[in-house]
Amino acid sequence: MASEFKKKLFWRAVVAEFLAMILFVFISIGMLRAIMYIIAQCVGAIVATAILSGITSSLPTNSLGRNDLAPGVNSGQGLGIEIIGTLQLVLCVLATTDRRRRDLGGSAPLAIGLSVALGHLLAIDYTGCGINPARSFGSAVITHNFSNHWIFWVGPFIGGALAVLIYDFILAPRSSDLTDRVKVWTSGQVEEYDLDGDDINSRVEMKPK
């Protein structure tokens, strides 16, 4: 198995799958909106971390919440932890905010907050719990320390993309075909992807089999 990691074909396949999942996520909300979300969050994270740095400048060894691997945790383990932490969070967000569902009850913000707490309980001792590339980026920029920083982009991207695939194709499949998904990518929300719509006929219910 170790020999597989040394083959170019293996890494080419990994990169291809990674890019394909990222493309799928972008198709789900539209390319322009996805890019603007990324830019806005990264800028916001940098500004917030700069403000925090000014407020807490007198504190010794202040890392400003920068994510890094704990001693004894290698990059593969850290990547896996970030993937799992992000996957469960994004899956929770998708399931609790899907307007097509008829069986939603309780508080979506509370459910998402508990999911964030679960992610921290899982990951904080090992990676500092990134699960949000923008937040990790802000701290890395202000501290000028990008050690192992790629993990906190690649892990959440893979975890988020896997969550979309699991939800969109297994837990609550959509009826639209590839053409409709491409329309979302190029021109924004259409039909069942319209987050502002309220089509009762298109709603689904998640039931155990």
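Keep in mind the model is a prediction, meaning the values are calculated, not measured.
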Interatomic distance, I158 atom CD1 to T86 atom OG1 [nearest 0.5 angstrom]: 10.0 Å
Distance (rounded to the nearest 0.5 Å) between I131 CD1 and I124 CD1: 10.0 Å
Distance (rounded to the nearest 0.5 Å) between C129 SG and L121 CG: 9.0 Å
Test item: E82 side-chain N/O and V154 main-chain N/O as donor-acceptor pair under 3.5 Å: no
Contacts of R66 that satisfy salt bridge (Lys or Arg N to Asp or Glu O under 4.0 Å) - sequence neighbours left out: D68
Spatial distance of atom CD1 (I112) from atom OG (S107) [nearest 0.5 Å]: 8.5 Å
Check: A140 main-chain N/O paired with N145 side-chain donor or acceptor under 3.5 Å: no
Whether F152 and H149 hold their rings parallel, tilted or perpendicular, with breakpoints at 30° and 60°: tilted
Side-chain heavy atoms of W153 within contact of S136, under 4.5 Å: no
Donor-acceptor contact present, side-chain S115 to main-chain A111, <3.5 Å: no
Value rounded to 0.5 Å, distance of CD1 in I46 from OG in S53: 13.0 Å
Student check: side-chain heavy atoms of Q41 and N132 closer than 4.5 Å: yes
Nearest-0.5 Å distance that lies between atom CD1 in I51 and atom OG1 in T56: 11.5 Å
Minimum side-chain heavy-atom gap L87-I166 below 4.5 Å: yes
